[in-house]
Amino acid sequence: MNRYQNEPENGNTIQKSTEQAIMDAAEELFLEKGYNLATTTLIAKKAGVTHAMLHYYFRTKEHIFMKVLEKTLGELKQSFRPVMSKDEPFWETLEKGISTHFDFFAGHPRFATFLYDTVMHNPELIVRLKESFFPILRRIYDFHIGMIRKEMAEGRINEVDPVQLVSDIITLNLSTYLLMPVADRVFPDPEGNSLVSDEKKLKELLEIRKTEIIALIRYRLYGKIQ
């Protein structure tokens, strides 16, 4: 009796393991090659499954892609929960928001270029997220816009366009990672070493860049603007 009771559980475990292997392989190949060049044949081979099995679990490449993108954007949403759930002073909250956004891309260093490539070459895939994830991203966006407007109305920060300020934050953070593929040319090392392949130096560089972005935004809000 116990043997038969365990079979569905074991089967379910195998299914989840196979699905995860396909998802992991697809994510790596999408990030490495982009959507168009990451074929289902390559994904199946990397996942160690047959092409037929891949299509059994995920009907199309687009289906796999959406699952991978939803997973990553879900992680972004989760990372912002602590920022939006605490009633902290304005600047501390905004600084955490900037840092959280920057650190998310540090944890997903190829996601910025992948997202850019998808928007440029397969924008219809991004549009498909409109109903499921755009409202979530909109809540994060509106939360920060609302904070800035409230602080400005109470005269505690410089007059700014909240939409432009949030756009500046997003652009500054994203541009750091969009430049990663050419980082060695943009930030040449005097000794000729690769910054991208040197994990310690890259981490130091990213921390310096994050500090600079935060300082720029703080100055825009509190510095003397001519």
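Quick note: numbers below take in every heavy atom, side chains included, and nothing from hydrogens, waters or symmetry partners.
Crowding of His51 atom NE2: a count of heavy atoms from other residues, nucleotides or ligands under 6.0 Å exceeding 12. The environment of OH in Tyr56 is sparse: at most 12 heavy-atom neighbours from other residues, nucleotides or ligands sit within 6.0 Å. Atom NZ of Lys33 is surrounded by 12 or fewer heavy atoms from other residues, nucleotides or ligands within 6.0 Å.
Note that the CG atom of Leu221 and the CD atom of Glu159 stand 11.5 Å from one another [nearest 0.5 Å]. Met66 contributes atom CE, which lies 13.5 Å from atom NZ of Lys61 (distance to the nearest 0.5 angstrom). Interatomic distance, Glu212 CD to Thr176 OG1, rounded to the nearest 0.5 Å: 10.5 Å. For the atom pair CD1 (Ile169) and CD1 (Ile217), the distance works out to 4.5 Å, reported to the nearest 0.5 Å. Put simply, CG on Leu174 and OG1 on Thr113 are 10.5 Å apart, with the number rounded to the nearest 0.5 Å. Taking OH from Tyr35 and CG from Leu125, the interatomic distance works out to 5.0 Å, rounded to the nearest 0.5 Å.
A donor-acceptor contact closer than 3.5 angstrom links the side chains of Asp24 and Gln20.
Applying the side chain to side chain donor-acceptor pair (under 3.5 Å) test to His63 and every residue at least two apart in sequence or in another chain returns nothing. Under the rule for a side chain to side chain donor-acceptor pair (under 3.5 Å), Glu207 has no partner lying at least two apart in sequence or in another chain.
Within the 3.5 Å criterion, the main-chain N or O of Gly223 finds a donor-acceptor partner in the side chain of Asn158. Listed for the Asp117 side chain is no donor-acceptor partner under 3.5 Å among the backbone atoms of Gly34.
In terms of heavy atoms, Ala26 sits closest to Ile64 at CB-CG2, 3.3 Å. Of all heavy-atom pairs spanning Glu88 and Glu92, the tightest one is OE1-CB, 4.3 Å. Contact detail for Ala38 and Ile43: the closest heavy-atom pair is O-CD1, 4.0 Å. The two residues Leu54 and Ala44 make their nearest non-hydrogen contact at CD1-N, 3.7 Å. Taking every heavy atom of both residues into account, Phe65 and Phe114 meet most closely at CE1-CZ, 3.1 Å. Shortest non-hydrogen contact noted between Pro82 and Ser79 is CD-O, 3.4 Å.
Linking Ile, Leu, Val, Met, Phe, Trp and Tyr whenever their side-chain heavy atoms come within less than 4.5 Å leaves Ile157 and Leu216 in two separate clusters.
A salt bridge is absent between Lys67 and Glu19; no separation between the charged side-chain nitrogens and carboxylate oxygens falls under 4.0 Å.
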With side-chain contact (heavy atoms from CB on, under 4.5 Å) as the criterion, how do Tyr141 and Val163 come out once you've worked through the C-alpha distance, each side chain's angles and the decisive distance to 0.1 Å? CA-CA 9 Å; Tyr141 177 83; Val163 173; 3.2 Å; yes

Go through the steps to decide whether Leu73 and Phe111 satisfy the test side-chain contact (heavy atoms from CB on, under 4.5 Å), and finish with yes or no. CA-CA 10 Å; Leu73 291 177; Phe111 188 65; 4.3 Å; yes

Residues Phe143, Arg138; criterion side-chain contact (heavy atoms from CB on, under 4.5 Å); working and verdict: CA-CA 8 Å; Phe143 171 81; Arg138 183 76 195 192; over 6 Å; no

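Within the hydrophobic cluster formed by Ile, Leu, Val, Met, Phe, Trp and Tyr side chains joined at under 4.5 Å, directly or through other members, Met120 is accompanied by Tyr116, Leu178. Clustering of Ile, Leu, Val, Met, Phe, Trp and Tyr by side-chain heavy atoms under 4.5 Å joins Leu37 with none of the others.
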Under 3.5 Å donor-acceptor pairs involving side-chain atoms of residues 99-106, not counting sequence neighbours:
{"from": "Ser99", "atom 1": "OG", "to": "Asp103", "atom 2": "OD2", "distance (Å)": "3.4"}
{"from": "Ser99", "atom 1": "OG", "to": "Lys210", "atom 2": "NZ", "distance (Å)": "3.3"}
{"from": "Thr100", "atom 1": "OG1", "to": "Lys96", "atom 2": "O", "distance (Å)": "2.7"}
{"from": "His101", "atom 1": "ND1", "to": "Asn173", "atom 2": "ND2", "distance (Å)": "2.9"}
{"from": "Asp103", "atom 1": "OD1", "to": "Lys210", "atom 2": "NZ", "distance (Å)": "2.9"}
{"from": "Asp103", "atom 1": "OD2", "to": "Lys210", "atom 2": "NZ", "distance (Å)": "3.2"}

Which side-chain N or O atoms in residues 145-155 pair as donor and acceptor under 3.5 Å with protein atoms at least two apart or in another chain?
{"from": "Lys150", "atom 1": "NZ", "to": "Glu154", "atom 2": "OE2", "distance (Å)": "3.3"}
{"from": "Glu151", "atom 1": "OE1", "to": "Arg156", "atom 2": "NH2", "distance (Å)": "3.3"}
{"from": "Glu151", "atom 1": "OE2", "to": "Arg156", "atom 2": "NE", "distance (Å)": "2.8"}
{"from": "Glu154", "atom 1": "OE1", "to": "Arg156", "atom 2": "NH1", "distance (Å)": "2.8"}
{"from": "Glu154", "atom 1": "OE1", "to": "Arg156", "atom 2": "NH2", "distance (Å)": "2.1"}

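Checked against Glu27 for a side chain to side chain donor-acceptor pair (under 3.5 Å), the options His108, Arg110, Lys71 give a single hit: Lys71.
Figure legend: cation-pi geometry between Arg218 and Tyr222, with NZ or CZ positioned under 6.0 Å from the six-membered ring centre and within 45° of its axis.
Residues Ile213 and Arg209 form a side-chain contact, since some pair of their non-hydrogen atoms from C-beta on lies under 4.5 Å apart.
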